[in-house]
*Asks:* 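Okay, handing you the structure first.
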Amino acid sequence: MEECISVFDMLKIGVGPSSSHTLGPWRAAERFLSELRNENLLSVVNRVKIDLYGSLSLTGKGHATDLAVMLGLSGQDPEYIPVENIDGIIKSIESKNEINLGNEKPIPFYFLQDIVFNKNFLPFHANGMTFTAYMTDESEYVSTFYSIGGGFVVKEERINAKKKTQIKFAFPYPIEKAAELLDFCKKENKSISEIVYENEKSMRTEAVIDHELMRIWKTMLECMYIGCHSEGILPGGLNVRRRAFDMHQNLIGLANYDSPQTWLEEIRKTEVKFRQILKWVSCFALAVNEVNAALGRVVTAPTNGSAGVIPAVLMYYLVIENHNAGEKEIKQFLMVAGEIGSIFKKGSTISAAMGGCQAEIGVSSSMAAAALCELMGGTPEQVLMAAEIAMEHHLGLTCDPIGGLVQIPCIERNTMGAIKAINAAELALETDPKNAKVPLDKVVDTMWQTAKDMNNKYKETSEGGLAIAVNMADC
């Protein structure tokens, strides 16, 4: 019985720097508020405590996990909150020692005491968190959530809840593995994006699907635009200087534009040689992840830490490969990318806390490679081959952020993932699928086995790799 994961589950709009450590805890706080409302308890709460466990504790400060739960408990929505308001809301909570629970009920809140970082791991998942509400009658309401990557949040006891079981029957083409997706493409004589579109139509109208896909792209484009036009030092203490600004200035020259769309048109007029292509793709990826690192608005693709790969590769197609491309190609790209991401989520993981960076940059590169391959005329077999090639060459990639921040090596890794995606797509287009030796499903299985075998210190704990080889003082 297959789980139906929408494109809009894989590509979520939210706030950086991390989907698992920021967006997930934020959404968990929102769900906790919903539970309190459903139990008619919100009005009698007089204190709230949050316990963070495992990876959320070990790298939570660097990923703004504490800020995310405060914003979530305040009733703020990560998809729509003006990012310029975040700092003021946090400072108000800290200075007043008070949080406006659900934007309805002010209660005392001492963030240094009421957010507890516990280094021990809960057994179900590396990213566990427990919310405890204390009532005026001295009773307590306790709820535990797990942030499993990509902004997805689950409760252990509700994994097989009735609502989730029902949605598994919604898709006309239920897909668990890549082989099933390929079978549907052959049987229906449809491309991968066409199969995905039919599935999405079982949940939403065509107008809503089209609008939301373009809203995702516009968020990505705006993110690249902001990143290319922002300079300075990223927050967090590593003193990382933004690079997209200078790289962009050197590439764009004296071009005249006044919006993200006119900017895109101007880039199409620039010189296109191999070195320039490498620089443009890297610039787009850097821009997104610098915005992400500065608590800006990004699209999980499939995570915040890997949010730069898919926009960079899609932008590459629009400004380098096909100047006539527009909404049709953008929607096609995003649907293919989303489906490939869902296959990895079902068969392995998209959480670096569970699988290392192969689960983030590796998956995003695979998603982008497949999507680009279809736009370039690849058959469904070649599209899946492109996804396989991209992941094959990310297997074993560790997650070792210095200082627990999504900056080093995370930002640069997005540039590498984007370049590998383009190369993987080209290799697949030049290969007869009959000669392929490794199917995508085998790579998904291998990635999961690699994740299980990987030492925990390389799974977003900042206890190994670059995280200990280079310390904050070196920076």
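All values below come from the heavy atoms of this structure, side chains included, with hydrogens, waters and symmetry mates left out. Source: prediction; values computed, not measured. Along the sequence shown, residues carry numbers from 1.
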*Asks:* Side-chain donor-acceptor pair under 3.5 Å between S351 and T349, yes or no?
*Replies:*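 Distance-only check fails for S351 and T349.
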*Asks:* Can you name the nearest heavy-atom pair linking P174 to E180, along with the distance?
*Replies:* O-OE1, 4.3 Å
*Asks:* My understanding is that only one of E200, E339, K190 makes a side chain to side chain contact (heavy atoms under 4.5 Å, CB included) with I195; could you say which?
*Replies:* K190
*Asks:* Heavy atoms only: give me the nearest A126-A353 pair and the separation to one decimal.
*Replies:*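 Heavy atoms only, the tightest pair is CB-O, 3.6 Å.
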*Asks:* Charged N to carboxylate O below 4.0 Å: is that the case for E412 and R243?
*Replies:* yes
*Asks:* Hey, could you give me the CD/CG distance between E194 and N199, rounded to the nearest 0.5 Å?
*Replies:*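 Going from the CD atom of E194 to the CG atom of N199 covers 12.5 Å.
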*Asks:* Just wondering, do V15 and W26 contact through their side chains at under 4.5 Å, heavy atoms?
*Replies:*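 Yes; the side chains approach each other to less than 4.5 Å.
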*Asks:* Would the distance check show the side chain of K346 and the main-chain N or O of I175 forming a donor-acceptor pair, the cut-off being under 3.5 Å?
*Replies:*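 Yes; at least one donor-acceptor contact below 3.5 Å.
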*Asks:* Donor-acceptor pair, distance only, cut-off 3.5 Å: does the side chain of N127 make one with the backbone of I148?
*Replies:* no
*Asks:* Please say whether more than 12 non-hydrogen atoms of neighbouring residues, nucleotides or ligands are located less than 6.0 Å from CD in E327.
*Replies:* no
*Asks:* Would you please test M203 and K201 for side-chain contact (heavy atoms from CB on, under 4.5 Å) and show each step?
*Replies:* CA-CA 5 Å; M203 302 172 69; K201 286 196 296 184; over 6 Å; no
*Asks:* Measure the shortest side-chain to side-chain distance between K420 and S365 over non-hydrogen atoms and say whether it is less than 4.5 angstrom.
*Replies:*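 Result yes, sub-4.5 Å side-chain heavy-atom pair found.
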*Asks:* Show the nearest heavy-atom pair for residues A386 and A424, with the distance to one decimal.
*Replies:*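 For A386 and A424, the tightest heavy-atom pair comes out as O-CB, 3.6 Å.
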*Asks:* For a side-chain contact (heavy atoms from CB on, under 4.5 Å) check, start with the C-alpha distance between Y197 and M335, then their side-chain angles and the critical distance, and finish with the verdict.
*Replies:* CA-CA 7 Å; Y197 197 55; M335 285 189 288; 3.5 Å; yes
*Asks:* Would you confirm whether S193, through its side chain, and Q332, through its main-chain N or O, come within 3.5 Å as a donor-acceptor pair?
*Replies:* no
*Asks:* Assess whether atom OH of Y458 is packed by more than 12 heavy atoms of other residues, nucleotides or ligands within 6.0 Å.
*Replies:* no
*Asks:* Does the side chain of R241 reach to within under 4.5 Å of the side chain of D246, using non-hydrogen atoms?
*Replies:*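 Yes, at least one pair of side-chain atoms sits under 4.5 Å.
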*Asks:* For N256, look at atom CG and say whether over 12 heavy atoms of other residues, nucleotides or ligands are found less than 6.0 Å away.
*Replies:* no
*Asks:* Salt bridge check: are R215 and D210 linked by an N-O gap of less than 4.0 Å?
*Replies:*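 No.
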*Asks:* Are a donor atom and an acceptor atom from the side chains of N304 and T300 found within less than 3.5 Å of each other?
*Replies:* no
*Asks:* Is any side-chain heavy atom of R297 closer than 4.5 Å to a side-chain heavy atom of I226?
*Replies:*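 R297 does not reach I226 side chain to side chain.
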*Asks:* Keeping the roles fixed (side chain from H229, backbone from Y225), state whether a donor-acceptor pair exists under 3.5 Å.
*Replies:* yes
*Asks:* Roughly how far, to the nearest 0.5 Å, is the NE2 atom of H21 from the OG1 atom of T59?
*Replies:*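 Here the rounded value is 3.0 Å.
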*Asks:* Are side-chain N/O atoms of Y317 and E329 paired as donor and acceptor at under 3.5 Å?
*Replies:* no
*Asks:* For the residue pair P17 and A64, what are the closest heavy atoms and their distance?
*Replies:*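 Looking at all heavy atoms of both residues, the closest pair is CD-CB, 4.1 Å.
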*Asks:* Which atoms form the tightest heavy-atom contact between M220 and A301, and what is the distance?
*Replies:*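 That would be CE-CB, 4.3 Å.
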*Asks:* With K345 as the cation and F152 as the aromatic partner, state whether NZ or CZ is under 6.0 Å from the six-membered ring centre and within 45° of the axis.
*Replies:*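 The answer is yes, since K345 meets both limits relative to F152.
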*Asks:* Is the backbone of L286 close enough, under 3.5 Å, to the side chain of R242 for a donor and an acceptor to pair up by distance?
*Replies:*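 Side chain of R242 to backbone of L286: no pair is present.
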*Asks:* Take a 6.0 Å sphere around CG of N120 and say whether it holds more than 12 heavy atoms from other residues, nucleotides or ligands.
*Replies:*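 Correct, the count exceeds 12.
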*Asks:* Decide yes or no for V438 and V443: does some side-chain heavy atom of the first lie under 4.5 Å from some side-chain heavy atom of the second?
*Replies:* yes
*Asks:* Which pair of non-hydrogen atoms, one from M385 and one from A436, has the smallest distance, and what is that distance?
*Replies:* CE-CB, 3.9 Å
*Asks:* Do V240 and I233 make a side-chain contact, defined as non-hydrogen atoms from C-beta onward lying under 4.5 Å apart?
*Replies:* no
*Asks:* Starting at CD1 of I13, measure out to NZ of K218 and round the result to the nearest 0.5 Å.
*Replies:* 11.0 Å
*Asks:* If we ignore hydrogens and angles and just use 3.5 Å, is the side chain of T415 paired with the main-chain N or O of S282 as donor and acceptor?
*Replies:* no
*Asks:* Is the number of heavy atoms from other residues, nucleotides or ligands under 6.0 Å of K119 NZ greater than 12?
*Replies:*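 Check fails, neighbour count at 12 or below.
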*Asks:* Are C373 and L429 packed together at the side-chain level, in the sense that at least one heavy-atom pair is separated by less than 4.5 angstrom?
*Replies:*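 Yes, close enough: below the 4.5 Å cut-off.
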*Asks:* Any side-chain to backbone donor/acceptor pair from T446 onto K442? Under 3.5 Å, distance only.
*Replies:*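 Pair found, side chain donor or acceptor close to backbone of K442.
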*Asks:* Would you mind checking if D400 and K457 are paired as a salt bridge, meaning a charged N to carboxylate O distance below 4.0 Å?
*Replies:* no
*Asks:* Go through the side-chain N and O atoms of H63 and E460 and say whether any donor and acceptor fall under 3.5 Å apart.
*Replies:*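 The criterion, which ignores hydrogens and geometry beyond distance, is satisfied for E460 and H63.
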*Asks:* Can you confirm whether the side chains of R204 and S6 place a donor and an acceptor under 3.5 Å from each other?
*Replies:* yes
*Asks:* Checking E266 against K269 for the salt bridge (charged side-chain N to carboxylate O under 4.0 Å, His left out) test, could you report, in this order, the C-alpha distance in whole Å, the side-chain angles of both residues, the deciding distance, and whether it holds?
*Replies:* CA-CA 5 Å; E266 286 300 311; K269 301 175 185 177; 3.0 Å; yes
*Asks:* Could you tell me whether the side chain of K331 and the main chain of M214 form a donor-acceptor pair under 3.5 Å?
*Replies:* no
*Asks:* Counting only heavy atoms not in E426, do more than 12 sit closer than 6.0 Å to its CD atom?
*Replies:* yes
*Asks:* Rounded to the nearest 0.5 Å, what separation is found between the CD1 atom of I343 and the CE atom of M367?
*Replies:*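 I343 atom CD1 to M367 atom CE measures 10.5 Å (nearest 0.5 Å).
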*Asks:* Does a donor on one side chain and an acceptor on the other come within less than 3.5 Å for D445 and Q449?
*Replies:* no
*Asks:* Output the distance between atom CG (N292) and atom SG (C223), rounded to the nearest 0.5 Å.
*Replies:*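 Output value for this atom pair is 7.5 Å.
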*Asks:* Would you confirm whether E374, through its side chain, and A371, through its main-chain N or O, come within 3.5 Å as a donor-acceptor pair?
*Replies:* no
*Asks:* Would you sort out whether F121 and N456 count as a side-chain contact (heavy atoms from CB on, under 4.5 Å), showing the intermediate values?
*Replies:* CA-CA 11 Å; F121 286 70; N456 276 339; 5.6 Å; no
*Asks:* Would you say that C357 contacts R413 through its side chain, given a criterion of any heavy-atom pair below 4.5 Å between the two side chains?
*Replies:*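 Yes, their side chains come closer than 4.5 Å.
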*Asks:* Can you check side-chain contact (heavy atoms from CB on, under 4.5 Å) on W280 and H248, steps first, answer last?
*Replies:* CA-CA 8 Å; W280 270 121; H248 174 258; 3.8 Å; yes
*Asks:* May I ask you to decide whether R27 forms a salt bridge with E30, counting only side-chain N to carboxylate O separations under 4.0 Å?
*Replies:*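 A salt bridge is present here (some side-chain N lies under 4.0 Å from a carboxylate O).
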*Asks:* Do the side chain of N289 and the main chain of G308 share a donor and acceptor less than 3.5 angstrom apart?
*Replies:*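 Indeed, once roles are kept as given, a pair shorter than 3.5 Å links the two residues.
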*Asks:* So Y257 and W263, would you call those rings parallel, tilted or perpendicular, with 30° and 60° as cut-offs?
*Replies:*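 Taking W263 first and then Y257, their aromatic rings sit tilted (interplane angle of 30° to 60°).
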*Asks:* Just how far is it from atom CG of L71 to atom CG of L67, taken to the nearest 0.5 Å?
*Replies:*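 Going from CG on L71 over to CG on L67, the span is 6.5 Å.
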